[in-house]
Amino acid sequence: MTCQKLQEELSPIVHFPGSAEYQSRVDVYYALQQANMQSACRVSPTSPSEVSRVVQIAKINNCPFAVCSGGKMGWAGSSNINEGFVIDMHKLNQIEVFPENGVVRLGPGATWSEVYSALEPLNTTVVGGRISNVGVGGFLLGGGISWLSFTKGFCSDSVLNYEVVLSDGTIVNVNKDSNPDLYWALKVGGTNYGIVTRFDMPAIPLSTVWASQDIYPVEESLTLDVLSKWISHFKQQDRHPKDVRMGMLSQSNGMGVMIAVNTHLDPSPREPLTSATPIMHDIATGSLHHVTNKIFGAETYPPSRTSWSTLTIGADEHLIWDIYTRGDDLFKGLQDREGLQWNMLFQAITKTFIEGSSGSPIYHSLKNAGDDLILITFITGWKSAADDQVIEETSDKLVAWAEAEASRRGLLNDFVYMNYANKKQHVYERSVTKGDLTRMRNVKERYDSTGTFNRLWRGGFKLPKEEVAEHDSSEL
């Protein structure tokens with residue numbers, strides 16, 4: 001019924017199942033569990049005023065909807081819906097540069113590859129994503145981690161202004177002077193406050209970047225040595241903020257590899273953390289656009305049935321290794337499942353990173369750690385829907401074991417990074433202090449007093465409505 005109302009008023013931007021436009025947009029979803037969902041229609045607005053009218057029509061008809069920019073979240077229902085419609089932001093993909101005041105305006109439907117490509121001729125960048133085909137919108141509303149995060153914090157901390165459609169259809173600009181309370185909350189706003197139709201970010205000079213990717217066999221002594229040297233390196237991050245290192249332990253068909261990625265935000269090569277000979281060595285030098293596409297191009301995470309979860313711990317190489325060996329045990333019996341691959345991505349959240357996020361609701365929670373942290377992301381992929389339950393359950397068991405073990409060793413940090421989280425993880429309850437969570441709820445009450453977005457906007461992570469009990473580490 002609502003899709004018919006939308007078509008009557010906004011026919012050119014409304015697309016139904018079976019149409020080429022509808023199918024082409026379903027195909028962008030990273031998680032095949034999302035691609036398998038079918039909304040009654042997809043609406044592709046081309047202006048903030050069209051987004052406003054779509055929200056008003058949804059509200060009048062009490063119709064649920066989801067919002068999609070790049071479609072790269074890893075769980076079903078995060079940006080698609082079975083009953084209701086999808087507001088697909090891909091045509092709001094503007095990239096406008098204003099050299100006179102050093103501002104870049106980005107539409108939520110642009111991808112980071114498109115952003116970096118547009119900025120490349122200007123030797124300029126923004127504090128943006130590292131995977132080329134990720135969309136701007138959802139990424140920035142979940143915080144976002146960048147090559148520049150060691151000095152700039154989460155990507156959302158660099159947003160100067162948000163253009164936002166509120167739940168009553170009002171279009172407002174949100175910045176430190178206009179609606180400053182909402183400006184603070186939107187740093188990890190998720191799907192709670194409004195539909196952002198434009199992000200204004202500062203332009204940052206950057207011309208040539210160097211990066212390398214090395215792959216090694218997973219061997220205990222080598223892995224522990226590399227992890228130990230990596231930890232020592234990022235604990236001195238203030239000495240070399242342009243040197244960004246991260247790694248991954250990956251296993252496919254029972255074969256494990258360690259992947260080390262090193263990016264340096266100037267043309268100077270960097271030495272690897274080990275003298276061991278890699279199985280594969282690749283380097284890239286050039287613009288951020290070139291390096292991002294080569295090291296983390298669209299093929300990095302091809303469409304797959306998938307499960308993502310995340311965990312934050314104190315810096316300890318032995319815990320990372322023990323979590324990997326536990327994963328090896330848990331997945332051993334599933335090696336015959338088609339396309340099965342499971343990964344542990346680890347990256348640093350340093351004290352300088354945390355200080356760069358001082359304007360975000362998650363700042364006080366992270367600062368309470370008083371030390372550098374490691375963010376671990378568990379990424380599992382497979383091909384057959386028949387394997388969904390057993391693989392998802394196994395992935396959940398690994399994360400639950402890792403949390404319990406980290407807690408037992410005094411290394412568990414409660415922070416749950418929204419953009420990597422599983423739908424069952426308690427993002428706001430764990431990542432925001434009680435005082436800041438109350439403040440976020442108060443902002444929510446001011447800008448969506450009728451709870452329209454709670455009621456109708458499906459997907460993403462929602463603020464808890466009431467005070468929450470202390471976290472139980474036995475749960476995801």
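Values below: every heavy atom of this structure, side chains too, minus hydrogens, waters and symmetry copies. Just so it is clear, the structure is predicted and the values come from calculations on it, not from any experiment.
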Open item on the list: Any heavy-atom pair between the side chains of Ser207 and Ser287 that's under 4.5 Å?
Closed with: no
Open item on the list: The test is side chain to side chain contact (heavy atoms under 4.5 Å, CB included); show your working for Thr312 and Asp414 and say whether it passes.
Closed with: CA-CA 7 Å; Thr312 307; Asp414 260 355; over 6 Å; no
- [ ] Kindly say whether Tyr22 contributes a backbone atom to a donor-acceptor pair with the side chain of Ser19 at under 3.5 angstrom?
- [x] yes
- [ ] Without swapping roles, check the side chain of Thr124 against the backbone of Leu122 for a donor-acceptor pair under 3.5 Å.
- [x] yes
Open item on the list: For a side chain to side chain contact (heavy atoms under 4.5 Å, CB included) check, start with the C-alpha distance between Val54 and Leu10, then their side-chain angles and the critical distance, and finish with the verdict.
Closed with: CA-CA 9 Å; Val54 170; Leu10 301 164; 3.7 Å; yes
Task: Residue pair Tyr162 / Asn175, side-chain heavy-atom distance below 4.5 Å - done: no
Open item on the list: Donor-acceptor check, side chain of Thr306 to backbone of Thr380, threshold 3.5 angstrom: yes or no?
Closed with: yes
Task: Smallest separation among heavy atoms of His281 and Ser212, with atom names - done: CE1-CB, 4.3 Å
Task: Verdict with reasoning, Ser47 to Ser49, per side chain to side chain donor-acceptor pair (under 3.5 Å) - done: CA-CA 5 Å; Ser47 67; Ser49 60; 2.9 Å; yes
Validation: residues 250-260 side-chain donor-acceptor distances under 3.5 Å, sequence neighbours left out:
{"from": "Ser250", "atom 1": "OG", "to": "Gln341", "atom 2": "NE2", "distance (Å)": "3.4"}
{"from": "Ser250", "atom 1": "OG", "to": "Asn343", "atom 2": "OD1", "distance (Å)": "2.5"}
{"from": "Gln251", "atom 1": "NE2", "to": "Tyr324", "atom 2": "OH", "distance (Å)": "3.0"}
{"from": "Gln251", "atom 1": "NE2", "to": "Asp328", "atom 2": "OD1", "distance (Å)": "3.2"}

Open item on the list: Run the side chain to side chain contact (heavy atoms under 4.5 Å, CB included) test on Leu186 and Val164 for me, step by step, so that the C-alpha distance in whole Å, both residues' side-chain angles and the decisive distance to 0.1 Å come before the verdict.
Closed with: CA-CA 10 Å; Leu186 281 174; Val164 186; 3.9 Å; yes
Task: Within-4.5 Å side-chain heavy-atom neighbours: Val172 and Asn179 - done: yes
Task: Non-neighbouring partners of Ser431 that pass side-chain contact (heavy atoms from CB on, under 4.5 Å), sequence neighbours left out - done: Ile362, Phe415, Val416, Val427
Task: side chain to side chain donor-acceptor pair (under 3.5 Å) between Glu445 and Ser449, intermediate numbers included - done: CA-CA 5 Å; Glu445 177 63 26; Ser449 60; 5.1 Å; no
Task: Asp436 and Tyr363: CA distance, side-chain angles, deciding distance, side chain to side chain donor-acceptor pair (under 3.5 Å) verdict - done: CA-CA 9 Å; Asp436 284 333; Tyr363 171 67; over 6 Å; no
Task: Side-chain heavy atoms of Ser395 within contact of Phe378, under 4.5 Å - done: no
Open item on the list: Check whether Gln425 reaches the backbone of Thr310 with its side chain - one donor and one acceptor, N or O, closer than 3.5 Å.
Closed with: yes
TODO: Start with the C-alpha gap between Gln389 and Glu393, add the side-chain angles, then the distance that decides, and say whether side chain to side chain donor-acceptor pair (under 3.5 Å) holds.
DONE: CA-CA 6 Å; Gln389 182 175 349; Glu393 288 177 352; 3.1 Å; yes
Only pairs under 3.5 Å count here: list side-chain donor-acceptor contacts from residues 79-88, not counting sequence neighbours, and write none if there are none.
{"from": "Ser79", "atom 1": "OG", "to": "Gln34", "atom 2": "NE2", "distance (Å)": "3.0"}
{"from": "Asn80", "atom 1": "ND2", "to": "Gln34", "atom 2": "O", "distance (Å)": "2.9"}
{"from": "Asn82", "atom 1": "OD1", "to": "Gln38", "atom 2": "N", "distance (Å)": "3.0"}
{"from": "Asp88", "atom 1": "OD1", "to": "Arg25", "atom 2": "NE", "distance (Å)": "3.3"}
{"from": "Asp88", "atom 1": "OD1", "to": "Arg25", "atom 2": "NH2", "distance (Å)": "3.1"}
{"from": "Asp88", "atom 1": "OD1", "to": "His90", "atom 2": "N", "distance (Å)": "3.2"}
{"from": "Asp88", "atom 1": "OD2", "to": "Arg25", "atom 2": "NE", "distance (Å)": "2.8"}
{"from": "Asp88", "atom 1": "OD2", "to": "Arg42", "atom 2": "NE", "distance (Å)": "3.4"}
{"from": "Asp88", "atom 1": "OD2", "to": "Arg42", "atom 2": "NH2", "distance (Å)": "2.8"}

Open item on the list: Tell me whether Ser178 contacts the main-chain N or O of Asn173 through its side chain, where contact means a donor paired with an acceptor under 3.5 Å.
Closed with: yes
- [ ] Identify whether NZ of Lys or CZ of Arg in Arg439 sits under 6.0 Å from the centre of the six-membered ring of Trp184 and within 45° of that ring's axis.
- [x] yes
Let me check something: any side-chain donor-acceptor pairs from residues 66-73 under 3.5 Å, sequence neighbours excluded? List them with distances.
{"from": "Ser69", "atom 1": "OG", "to": "Gly138", "atom 2": "N", "distance (Å)": "3.2"}
{"from": "Lys72", "atom 1": "NZ", "to": "Val28", "atom 2": "O", "distance (Å)": "2.9"}
{"from": "Lys72", "atom 1": "NZ", "to": "Gly70", "atom 2": "O", "distance (Å)": "3.0"}

- [ ] Using salt bridge (charged side-chain N to carboxylate O under 4.0 Å, His left out) as the criterion, list what pairs up with Asp200, not counting sequence neighbours.
- [x] Arg105, Arg198
Open item on the list: Does any part of the side chain of Val244, heavy atoms only, come nearer than 4.5 Å to the side chain of Asn262, both counted from C-beta?
Closed with: no
Open item on the list: Restricting to ring pair (Phe, Tyr, Trp, His ring centres under 6.0 Å), what partner residues turn up for Trp382, sequence neighbours left out?
Closed with: none
Task: Thr111/Val136 under side chain to side chain contact (heavy atoms under 4.5 Å, CB included): CA gap, chis, key distance, verdict - done: CA-CA 6 Å; Thr111 66; Val136 165; over 6 Å; no
Open item on the list: I'd like to know if Arg430 pairs up with Glu403 as an ion pair, taking the criterion as any Lys NZ or Arg NE/NH1/NH2 lying under 4.0 Å from an Asp or Glu carboxylate oxygen.
Closed with: yes
Task: Pairs satisfying side chain to side chain donor-acceptor pair (under 3.5 Å), at least one member in residues 455-464, at least two apart - done: Asn62-Arg455, Thr191-Lys462
Task: Ser384 versus Glu338, side-chain donor and acceptor atoms under 3.5 Å - done: no
TODO: Over all heavy atoms of both residues, which pair between Tyr183 and Asn161 is shortest? Give the atoms and the distance, please.
DONE: CE1-N, 4.5 Å
- [ ] Could you check if a side-chain atom of Lys5 sits within less than 4.5 angstrom of a side-chain atom of Cys63, using non-hydrogen atoms only?
- [x] no
TODO: State whether Asp396 and Lys424 are salt-bridged, where the test is any N-O pair (Lys NZ or Arg NE/NH1/NH2 against Asp/Glu carboxylate O) under 4.0 Å.
DONE: yes
TODO: State plainly whether the residues Lys187 and Asp157 are in salt-bridge range, i.e. N to O under 4.0 Å.
DONE: no
Task: Polar side-chain atom of Ser146 near backbone of Val127 as donor-acceptor pair, under 3.5 Å - done: no
TODO: Examine the side chains of Ser167 and Asp448 and answer whether a donor and an acceptor come within less than 3.5 Å of each other.
DONE: yes
Task: Side chain to side chain, Leu366 and Ser357, heavy atoms closer than 4.5 Å - done: no
Task: Listed partners of Asp282 passing salt bridge (charged side-chain N to carboxylate O under 4.0 Å, His left out), at least two apart - done: Lys294
Task: ring pair (Phe, Tyr, Trp, His ring centres under 6.0 Å) against Tyr193, all qualifying residues, sequence neighbours excluded - done: none
Task: Under 3.5 Å donor-acceptor, Thr292 side chain and His289 backbone - done: no
- [ ] For Tyr116 and Ser132, indicate whether the former's side chain and the latter's backbone hold a donor-acceptor pair under 3.5 Å.
- [x] no
Task: Flag, side chain of Asn192 to backbone of Gly189, donor-acceptor distance under 3.5 Å - done: yes
TODO: Could you list the residues that satisfy side-chain contact (heavy atoms from CB on, under 4.5 Å) with Ala348, not counting sequence neighbours?
DONE: Phe150, Trp230, Phe234, Thr350
Task: Partner residues of Phe331 under the ring pair (Phe, Tyr, Trp, His ring centres under 6.0 Å) criterion, sequence neighbours left out - done: Trp342
Open item on the list: Could you check whether any side-chain heavy atom of Arg53 comes within less than 4.5 Å of a side-chain heavy atom of Glu9, counting everything from C-beta outward?
Closed with: yes
Open item on the list: Would you say the rings of Phe353 and Phe154 are close, in the sense that their centroids are separated by under 6.0 Å?
Closed with: yes
Task: Those residues that, when tested against Trp75, pass ring pair (Phe, Tyr, Trp, His ring centres under 6.0 Å) (two or more places apart) - done: Phe461
